[in-house]
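Values reported hereafter were calculated over all heavy atoms of this structure, with side chains retained and with hydrogens, waters and symmetry mates removed. Below, chains carry the letters A, B, ... as their sequence lines are ordered, and counting in each starts from 1.
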Amino acid sequence: MKKYDAIVIGAGHNGLTNGAYLAKAGLDVLVVERNAYIGGATVSRELHKDWIYSNCSYVCSLLRPEIARDLELPRHGLQVVPYGGSATLMKNGDHFGYYYDHERLHREMARFSQRDANAYERYLADVMKQTRLIRPYLMRRPPDPTSLKLRDLKDLVEFAGSFTALGEEGLADTLKFWTMSVGDFLEQYFETDVIKAHLAGSGIIGTALGVYSPGTAYVLLHHYMGDVDGNVGAWGFARGGMGAVSSALAKSYQSYGGEILCDADVDRILVRNGRAVGVALDNGDEYHAPVVVSNLDPKRTFLDVMDATDLPPDVVKKARNFKIRGSSGKLNIALDGLPTFRGVEKGGPLATGEMHLSDSLEVLERAYDDWKDGTWSKEPYVDMLIPSQIDPTMAPPGKHMMTVFVQYAPPKIKGREWTDEDKAGFERTVIDQIASYSPDFKDLILHCETRTPRELEAEVGLTEGNIFQGELTFDQLLFNRPFPGYAQYRGPVKGMYMCGSGTHPGGGVMSAPGANAAREILQDLKKDNTVPEGYADD
Amino acid sequence: MSRKQGDTMMLETPFHSRVALANELNLWEAWSGYTTPSAYFDVELEYFAVRSAAGVFDLSPMNKYRITGPDAGAFLNRLVTRDVGKIGVDRVGYTVWCDNAGQVMDDGTIFHLAENDYRLCAYARAMDWLSWSALGFDVSVVDESAEVAALAVQGPTSCSCLQSMGLDGLETLKPFGIAHFDFEGEDLMVSRTGFTGDLGYEVWIAPNKAETLWDKLFEAGKPYMIKPFGSQALELTRIETGFLQAGVDFVPAQETIRPGRSRSPFELGLGWLVDLNKPVFNGRQALIREQQIGSRYHFVILDVDGNKPAHNSFLFKGQQQVGTVTSAAWCPTAKSNVAFAQIETACGDIGDQLVAEIYYEKELHWTRVLAPCKVIDGAVFNPARRRMTPAVAY
Ligand SMILES: Cc1cc2nc3c(=O)[nH]c(=O)nc-3n(C[C@H](O)[C@H](O)[C@H](O)COP(=O)(O)OP(=O)(O)OC[C@H]3O[C@@H](n4cnc5c(N)ncnc54)[C@H](O)[C@@H]3O)c2cc1C
């Protein structure tokens, strides 16, 4: 049996990134993937003939440009195309247009409130201050405050330095920001319901928290800290769907000699004498390597593919207590034509970006109440886009593909598993809601793929369907991600590492966890580092 | 004085009414005395329309010279550096032309329209030089710049857009080929040419049909996401695909005042356009001599570290300053920080490492970075579909 230098479990985009950097350093690497296809939550599939769905993730901003460039992803077929504008349609028939042109946006905000329009400048500056703080740490291992190693102390001093540079008030603002709710945060700036609601969306996406739950302001930041070609906070479509990211990563990885094995469900990480030595698949096949990297979320990693007897008890405890609650679902819809949205210019700048239907924080909070109640929101928050207006490869000419991210959907319905009837009910709720803003929407539907947390867990392997492989709250970020003491990608067993979104800097199609993990592995193996530094964010 | 609102010293292209309607930003600049759009709605989105779907650029102000007569071919062959005899009827050739000192006066395209019938498209005005060069040849040179309206239709869905406008069989047109179609009783000439480095076409029509052409094209292109784009987006695409811009990457020789400021084709990386096997052409002697004694400069494309474009940067090799950047851009599709540079010939081979001195300003604070950069072998954007015939559907 062939022996590899490293085995990566999971061909999610982070697993592929990790593999690419290890292979680039000359290691003999095998990526094993449970599904018949690669990509995990970064995938494109043709479930309705001639329509391409980005089945899970659907928009791109967080993907680190340093990595895209370094791994030559454009040459391997990746093109990220930005879109401009977004809108929230209101119950009263009006809508709020979040135009990409700054002055036009000011005019639009001023239509609701002169003050809000002006406060937006302050808001943007404050959010940008926070992104400047976090962005330099995306391409680095988080400092470990529990360690007394020189390199950790150095990291910590630098980390503390960037905070103290903010001054006393700045520091207070920052601490508040990292712990407060997105609702409270926005209320410091705005008075208009729809403006707050529009901006609050990114504070709750992927998290089982409401707009008034502490910690959601950071989640908003998490959606602002990316960029498209240097435009911080901008988002785009991967041409050909998000699978284009994984496919380019896979090609890059293979160009360095890496191998991928699909339909390979890892049953167990093999541990001998306190060292990881390989993996065993559920069909009994074994593959051996002195380095085993898990792209799975922390629960799967430590409670599923690792044996409790191979682990220190505190890790099992921490993994059990890790917060990874599902909160989201998704509809991917093939449309026979472009739907009309009440009041919004068809094909105009607002209709090509994200559209939302929740026009106040109250509506958003009520949607969360349903989640707590153990059911999907009766009036859900939707983040819907029609990428086929910009990307000609998603649907035949004149036809369209619509992606609808939905929140909230609980991992269990009143404590029991989701049934097919629940799923149908969830689908109906979402479609009815959209239809109430778009008269021709229902008639245009040709096919719909509906994914509740049940499908996300079963098909993508995300525990409870949590899209970020774990809640993005301060207790699970930076040196706490996934758990204190294990935040530098090294597992509790020698030779075992983590590289998924469950590690720093967290979820989203970012590739940073995979790359950062590779850097640490190469350091342990005393190999030359192949992972780039982050771009200076001046 | 009785100036009325709207009176302007600027000319309007035959598409102006449509261009003005589409120009949401109302952002204009002058090009050869014409009012032309810098951008229509958002430079980045326009750029991406070209790279992901199809973009339309009004290139009517381009200088166009019609060259006809029994000696038309011979005349052009003496004028330009490449062998015009190899440009068959219904073919287009990119070329440069030089003064007697072998210095580039301009680059442009020769359209071989029919036997003894050519169109020369040029960046700079060329009537003076063309007239002098024509002495002794049985040719007529006519400036037809205002008589021909033209649009560039560029990008992966460009062929689909034009096909859906009724241009059947367009997919079989080869790169640099010319085809003719009937458009409402008028001749619509289509060439598979462009300045974006992708699948793309230029369409040429009589000015009186320009507006109808624009309308039909945008209607037909709708399902293929056609969008207009302005000069700023064009600038990004041409840098990404490695095209020089006269007036930016070199100064047309006839416009230089200071000695040594003009460049030869070899110095611009355009040696491949020079056919020294041709017995006579303008500048041949000087170019042969340059081959013997060596060039003063050479053109390189640089991949610059980091994401700050190396605008106007000095380039260093060790402590020594070896050149300057002429064009620079962060290229969004290639995800590459590209610079074109003129450097001294002692360095600049493919793979050579140089350092670019970049200055940039953030909130009135200037920063200087010394960015390592590498001389690369050709443009960063060069998709296979650009060369494929039949044209592939995106
Ligand atoms: C519905 C949804 C919408 C989202 N929207 C966005 C968005 O628009 N933009 C954005 O940036 N992010 C978005 N995200 C988040 C983002 O997609 C994820 O954070 C990211 O893709 C996770 O990547 P990963 O490589 O860390 O892990 P994963 O993608 O989870 O990859 C893990 C891989 O491991 C495999 N695996 C699991 N168990 C085993 C086993 N036992 N043996 C072998 N292989 C196994 C899985 O099949 C999977 O391929 C979304 C996520 C979801 C689910």
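- At a 4.5 Å heavy-atom cutoff, the contact between A:R239 and chain B is made by side-chain atoms alone.
- Applying the side chain to side chain contact (heavy atoms under 4.5 Å, CB included) test between B:P332 and each of A:V228, A:D229, A:V81 identifies A:D229 as the sole match.
- Considering every non-hydrogen atom in both A:P74 and B:A334, the closest pair reads CG-O, 3.3 Å.
- Residue A:Q79 comes nearest to B:R51 through the heavy atom pair NE2-CB, 3.2 Å, listed as atom of the first residue, atom of the second, then distance.
- To the nearest 0.5 angstrom, B:K222 atom NZ is 9.0 Å from A:L338 atom CG.
- In A:K49, the NZ atom is not crowded: 12 or fewer heavy atoms of neighbouring residues, nucleotides or ligands sit closer than 6.0 Å.
- Going from atom OH of A:Y100 over to atom CD of B:E44 covers 10.5 Å, rounded to the nearest 0.5 Å.
- When B:S52, B:P383, B:P223 are compared by the number of non-hydrogen pairs under 4.5 Å with chain A, B:S52 comes out ahead.
- The contact between B:E24 and chain A is made entirely by side chain atoms (from C-beta outward), counting heavy-atom distances below 4.5 Å.
- The interface of residues 121-136 of chain A with chain B, defined by heavy-atom distances below 4.5 Å, is empty.
- Around CD of A:E533, the count of heavy atoms belonging to other residues, nucleotides or ligands within 6.0 Å does not exceed 12.
- Contacts of B:F381 with chain A are absent, with no heavy-atom separation under 4.5 Å from either backbone or side chain.
- Separating the CG atom in A:D101 from the CZ atom in B:F41 is a distance of 12.5 Å, to the nearest 0.5 Å.
- If you take CD1 on A:I390 and NZ on B:K227, they are separated by 7.0 Å, rounding to the nearest 0.5 Å.
- Of all non-hydrogen atoms in B:Y394 and A:P392, the two that sit nearest each other are CE1-O, 3.2 Å.
- No part of A:E66 comes within reach of chain B, as not one of its non-hydrogen atoms sits under 4.5 angstrom from that chain.
- Counting heavy atoms of neighbouring residues, nucleotides and ligands inside a 6.0 Å radius, atom CD of B:Q353 exceeds 12 of them.
- With a 4.5 angstrom heavy-atom cutoff, A:R75 does not touch chain B via any of its atoms.
- Looking at every heavy atom in both residues, B:N337 comes nearest to A:R69 through N-NH2, 3.4 Å.
- Contact annotation for B:T333: both backbone and side-chain heavy atoms come within less than 4.5 Å of a heavy atom of chain A.
- With chain A as partner, the option from B:S160, B:A49, B:A53, B:G306 having the largest number of non-hydrogen pairs under 4.5 angstrom is B:G306.
- The salt bridge (charged side-chain N to carboxylate O under 4.0 Å, His left out) test applied to B:D305 returns no partner, not counting sequence neighbours.
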